[in-house]
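Lettering follows sequence order; numbering is per chain, from 1. Every heavy atom of this structure was used, including side-chain atoms; hydrogens, water molecules and symmetry mates were not.
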Number of protein chains: 2
Amino acid sequence: MSGRTTGPVRLLLADDEHLIRGALATLLSLEDDLVIVAEAASGPEALSMARAHEPDVAVLDLQMPGADGVKVATSLRAELPGCRVLIVTSHGRPGHLKRALEAGVRGFVPKTVSAQRLAEIIRTVHAGNRYVDPELAADAIAAGDSPLTAREAEVLELAADGAPVAEIAERAALSQGTVRNYLSSAVSKLGAENRHAAVRLARQRGWV
Amino acid sequence: MSGRTTGPVRLLLADDEHLIRGALATLLSLEDDLVIVAEAASGPEALSMARAHEPDVAVLDLQMPGADGVKVATSLRAELPGCRVLIVTSHGRPGHLKRALEAGVRGFVPKTVSAQRLAEIIRTVHAGNRYVDPELAADAIAAGDSPLTAREAEVLELAADGAPVAEIAERAALSQGTVRNYLSSAVSKLGAENRHAAVRLARQRGWV
DNA sequence: CACTCCGCATGACAAATGTCAGACGGTGGT
DNA sequence: ACCACCGTCTGACATTTGTCATGCGGAGTG
């Protein structure tokens, strides 16, 4: 039902850490039914490699220079609908999982799994099924959806690097009072002490 | 010169990401003169493994649950002076490098190097030499030493999660005015807009 | 259509934060 | 011994931030 010809699963591997990517390539190559057809060290590179080699499954690191795994997945979905995407990550933030699934990603696993297990998951994804790490899924469900409105999230993001209200107001083209109001509402929705703690919480949950 | 008997270099591998640790173990095992005698997924585990197996070189990830690579290195230095320590990291913050060298670490490399290169560096370290990634070294020199006094750093750290001044004052057993003063001085020394930006900068440079 | 609800926006007031001038004690140099 | 210097510490004052009451306008409902 996958409409694919038989033969080894053709993989694209993208991760900016050469050490990990190389090691992973070697290890996955040991599996008889898997073959790495391309490697990339950044988001844009992953895209162009995918176009050139049309892999069956793309294994993407979530954090890469240029464009993160989810952005790459979105583009791939449009350009190569036959290519399944599997995301691998070190720090699993709940919000990222949600964004990833919305981008059509078929698998989402932390780097704490073994290579053996990863190979199995690659086969699962290639067969057309989905796979999400149970622990990350639980976290995502516990965290739930973002309670923030678009404006609140926007303002909170501008506040992320400790900028004063005046600067946020200018960048968002709002009055200072309005900015304070949004921040205040975001802070109370998140149950934080102040806006800086709120930024940390929102980041943790992947809402910004 | 190293006072060691000849034979393969005995390695301890510690990294909390199973995927990477396993892949790395496989890849390094391919080198004839390297052999992995122990693996660990956390700081404390790395220590007990090192005690049990007395490796020639310990390859430690900088960020691990329990105790980070530098803390482990400090303990190892005291308990197994013959064991060289090589630290591997994803996000190289200048301050970490400095702390690592003070802890007697012999090598410090980012995960962007290839496994082949890592094997060479392991041999370099085992031979008694030091190796520090040139780019990380340049960053560390550019960042320089922390200009913060002990108190300033302490207060800044307490401010890290967005706690209000009153709470910081209580936790540091200081008056609120004093706390503000330290924060103010830290902020101006770092050239930041406010204390939150200062926290970010100090973290970036590895000064907290 | 009228009504209600909710997100968006604003200004006034209270509270927290940042800035300043200055006091005290220990260290090192003369 | 004396002095200058630096880190530590404090309170008073200006600025920034957080909270509140309130107004405006579109979406959904009766």
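Within the 4.0 angstrom heavy-atom criterion, base atoms lie near Thr178(A). Among the heavy atoms of the strands lying under 4.0 Å from Arg180(A) is at least one base atom, whether or not backbone atoms are also near. Residue contacts for Ser184(B): at a heavy-atom cut-off of 4.0 Å it reaches a base atom on one of the strands shown.
Ionic pairing of Arg151(B) and Glu154(B) is present here: one or more N-O contacts between side-chain nitrogen and carboxylate oxygen are shorter than 4.0 angstrom. Using a 4.0 Å cut-off between a side-chain N of Lys or Arg and a carboxylate O of Asp or Glu, Asp61(B) and Arg21(B) do not qualify as a salt bridge. At a threshold of 4.0 Å, the pair Arg117(A)-Glu120(A) counts as salt-bridged, since one of the basic side-chain nitrogens sits closer than that to a carboxylate oxygen.
Put simply, CD1 on Ile168(B) is 15 Å from P on dC9(D), counting in whole angstrom units. For the pair Glu193(A) CD and dA15(C) C1', the interatomic distance rounds to 14 Å; values are reported in whole Å. Atom CG in Asn194(A) sits about 13 Å away from atom C1' in dA15(C), given to the nearest Å. For Leu183(B) and dT16(D), the CG to P distance is 17 Å, given to the nearest whole Å. As a whole-Å value, the separation of Leu148(B) CG from dC6(D) P is 17 Å.
Remark: Ser175(B) is not in phosphate contact with dC9(D), judged by side-chain N or O atoms under 4.0 Å from OP1 or OP2. Proximity of Thr149(A) to the phosphate of dC8(C): a side-chain N or O atom is located under 4.0 Å from OP1 or OP2. Considering only side-chain N and O atoms, Arg151(B) lies nowhere under 4.0 angstrom from the phosphate OP1 or OP2 of dG7(D).
Nucleotides of DNA chain D nearest to Gln176(A) and Gly177(B) differ in position, and the one nearer the 5' end is that of Gly177(B).
Picking from dA9(C), dT17(D), dT17(C) the nucleotide with the shortest atom distance to the side chain of Leu174(A) gives dA9(C). Of the candidates dT10(C), dC9(D), dT17(C), dT10(C) carries the atom nearest the Asn181(A) side chain, counting heavy atoms from C-beta on.
Of the options Leu80(A), Thr74(A), Val105(A), Val70(A), a side chain to side chain contact (heavy atoms under 4.5 Å, CB included) to Val85(A) is made by Val105(A) and by none of the others.
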